[in-house]
2 protein chains.
Amino acid sequence: MLTQAAEDYLKSIYKLQEKGGKVSTGILAEYLDVKPASATGMIKKLKSMNLVSHERYQGVTLTDAGKVIALEVIRHHRLLELYLFKALGIPWDGVHEEAEKLEHVISEDVEARMDEFLGYPTADPHGSPIPDKNGVVPETVSMPMTSLQNGQSCVVAEVSDSDSALLRHLGSFNLYPGTAFQVIEVAPFEGPFTIDIAGQQAVIGREVAKNIFVSNVQET
Amino acid sequence: MLTQAAEDYLKSIYKLQEKGGKVSTGILAEYLDVKPASATGMIKKLKSMNLVSHERYQGVTLTDAGKVIALEVIRHHRLLELYLFKALGIPWDGVHEEAEKLEHVISEDVEARMDEFLGYPTADPHGSPIPDKNGVVPETVSMPMTSLQNGQSCVVAEVSDSDSALLRHLGSFNLYPGTAFQVIEVAPFEGPFTIDIAGQQAVIGREVAKNIFVSNVQET
DNA sequence: TATATAATTTAGGTAAGCCTAAAATAATTT
DNA sequence: AAATTATTTTAGGCTTACCTAAATTATATA
């Protein structure tokens, strides 16, 4: 059994690996809000357990074994988020923080029962894919909202989950995954987006739009 | 915020205080499955935080502040047990272990929502009282099953929750809190109890009966 | 009362997981 | 190529919470 800190490192390495390519000690440390020296220490420990590969100054990579564990932790986290949201009615801007603590302590049995209760879901309340029991991540196709053009319509696929103030802001416009909207106007020079959500107009700034990913893009 | 270990010590001191009177270092250590020297260390730490009173060789006592925290932890634990049992269908012999880990990480918000979902319950699946938000413990009146006489009928009020094999055994007879039964015969010389549960006969050994507490005792 | 036994405490040690400060290495600029 | 800057690693420390072994203190027995 791994420690909580070790699980968090593996999860973070996985996520950083997904986005950019090379996961450096410094980037990992910043992401986890610890000092680079602490990250070095944990990387050495994880390497000794064959969960990561690492050459000094060359960044870390998950081994197959490490990836399995990272995906388990991510599955715990996302299933918990959805469960807290649907079964207990926790607002979507609060579930991340709760799940962060719970993901390390729930048993496989509890997880399986939540999974069943939820009907074997494939995405959490923010639209992030939930890996299945075997570590298979559902394919998702989405593009950043910032690449939309005037007149296009689409559906919210996923939003970034870590900033709860942002989530509350999006919630105030009903911008949840699954919500459809149409671009009325994209202001020039990297300006804000004016959109129509079920007949309601809203202005969404660039910085906010960067955190929104959409699918089903269509000309209208 | 207290550490998990500190919370466990406070909870254990409370429970031991309830049963017998004086809680010695040794008894506490045995209950928590640590060495007496370790218990001494934690007691010193808790004393420095004014959560317990302690004079060497005289045993520990919770202060008012310590009692508040102990009751909060116990409330978390018992609400979780009932929630896992009712909402997720975890068998009653499994909920204790799960709750033991979860009790230290759930937020007040999650607790409040579970409480609401459950309709503000007053007892966990083993019949133990659930303290309310203000730390008030519901009064319970029960007596050990071992004090029952031939022909008396009663209702199961509470069973000891820590031995899951015992719980499975009791479950096989339907001996849950709320279940009524009648004593057919008490074998002499500290012998077993033959009882009738909804028309079914069962033989319950002394050692098992010591873990069962009953109420509503009536002659028939 | 003296002695044996049991309970408790002190002293010193371990493993995680973080920290800071300094040294080593790599990358970038002049 | 040399010097500056940035990144990474080493070295040494701290806290929590456990441990063992030895010393203390209390209790029970002869």
Side-chain angles (χ1 to χ4, degrees), chain A residues 1-14 16-17 19-62 66 69-70 73 100-101 103-105, chain B residues 1-17 19-62 66 69-70 73 100-105:
Chain A
M1 197 53 201
L2 284 178
T3 63
Q4 214 165 295
E7 286 185 353
D8 281 334
Y9 272 86
L10 291 174
K11 182 176 71 167
S12 303
I13 293 166
Y14 180 88
L16 291 170
Q17 220 168 243
K19 307 209 175 186
K22 196 175 117 180
V23 180
S24 68
T25 306
I27 294 207
L28 181 58
E30 187 192 32
Y31 187 81
L32 283 163
D33 199 24
V34 299
K35 301 296 161 191
S38 306
T40 298
M42 182 59 86
I43 288 167
K44 280 176 80 170
K45 190 183 156 189
L46 294 173
K47 189 183 177 183
S48 79
M49 293 190 273
N50 281 308
L51 298 173
V52 301
S53 309
H54 180 242
E55 294 304 322
R56 21 175 30 230
Y57 296 91
Q58 295 306 127
V60 246
T61 324
L62 291 177
I69 295 172
V73 178
E100 204 64 33
K101 296 175 297 181
E103 66 188 14
H104 303 290
V105 293
Chain B
M1 197 53 203
L2 284 178
T3 62
Q4 217 166 293
E7 286 184 355
D8 281 334
Y9 272 87
L10 291 174
K11 183 177 72 167
S12 303
I13 294 166
Y14 179 88
K15 286 190 177 180
L16 291 170
Q17 221 169 242
K19 309 211 169 180
K22 194 174 117 183
V23 180
S24 69
T25 305
I27 293 205
L28 182 58
E30 187 191 30
Y31 187 81
L32 283 163
D33 198 26
V34 298
K35 302 295 160 191
S38 306
T40 299
M42 183 58 87
I43 287 167
K44 280 176 79 169
K45 190 181 155 191
L46 294 173
K47 190 182 178 184
S48 79
M49 293 190 273
N50 281 308
L51 297 173
V52 302
S53 310
H54 181 243
E55 294 303 323
R56 12 167 46 222
Y57 295 91
Q58 295 307 125
V60 246
T61 324
L62 291 177
I69 294 171
V73 178
E100 202 64 32
K101 297 174 298 181
L102 290 166
E103 67 188 10
H104 303 290
V105 293

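Letters go in sequence order (proteins before strands), and every chain restarts at 1.
Residue A:Thr3 has a polar side-chain atom (N or O) positioned under 4.0 Å from OP1 or OP2 of C:dG17. A sub-4.0 Å separation between OP1 or OP2 of D:dC18 and a side-chain N or O of B:Ser38 is absent. Phosphate proximity of D:dT7 to A:Ser24: absent, as no side-chain N or O sits under 4.0 Å from OP1 or OP2. Of the side-chain N and O atoms in B:Tyr9, none sit less than 4.0 angstrom from OP1 or OP2 of D:dT16.
Going from atom NZ of A:Lys35 over to atom P of D:dT8 covers 15 Å, rounded to whole Å. Summarising the geometry, the separation between CG on A:Leu10 and P on C:dG17 is reported as 11 Å, rounded to the nearest angstrom. The CG-C1' distance, from A:Asp8 to C:dA16, rounds to 14 Å in whole Å. A:Lys22 places its NZ atom 11 Å from the P atom of D:dT7, with the value rounded to the nearest Å. In this entry the distance linking NZ of B:Lys45 with P of C:dT9 reads 18 Å, nearest Å. B:Gln58 places its CD atom 11 Å from the C1' atom of C:dT8, with the value rounded to the nearest Å. Rounded to whole Å, the distance from CE on A:Met42 to P on D:dT8 is 18 Å. As a whole-Å value, the separation of A:Ile27 CD1 from D:dT8 C1' is 13 Å.
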B:Val52 vs B:Leu10, test: side-chain contact (heavy atoms from CB on, under 4.5 Å). Steps then yes/no.
CA-CA 8 Å; B:Val52 302; B:Leu10 291 174; 4.0 Å; yes
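Of the inter-residue distances, the one linking B:Tyr31 atom OH with B:Asp8 atom CG reads 10.0 Å to the nearest 0.5 angstrom. The distance from atom CD1 of B:Ile27 to atom OG of B:Ser12, rounded to the nearest 0.5 Å, is 12.5 Å.
Here C:dT30 sits opposite D:dA1 as a Watson-Crick or G-U wobble pair (both hydrogen-bonding atom distances under 3.5 Å).
Atom NZ of B:Lys35 has 12 or fewer heavy atoms from other residues, nucleotides or ligands within 6.0 Å. B:Lys44 NZ: 12 or fewer foreign heavy atoms inside a 6.0 Å radius.
Across D:dT25, C:dA21, D:dA21, the shortest atom-to-atom separation from the side chain of A:Ala37 is found for C:dA21.
If you find the closest nucleotide of DNA chain D to B:Tyr57 and to A:Thr40, the one lying nearer the 5' end belongs to A:Thr40.
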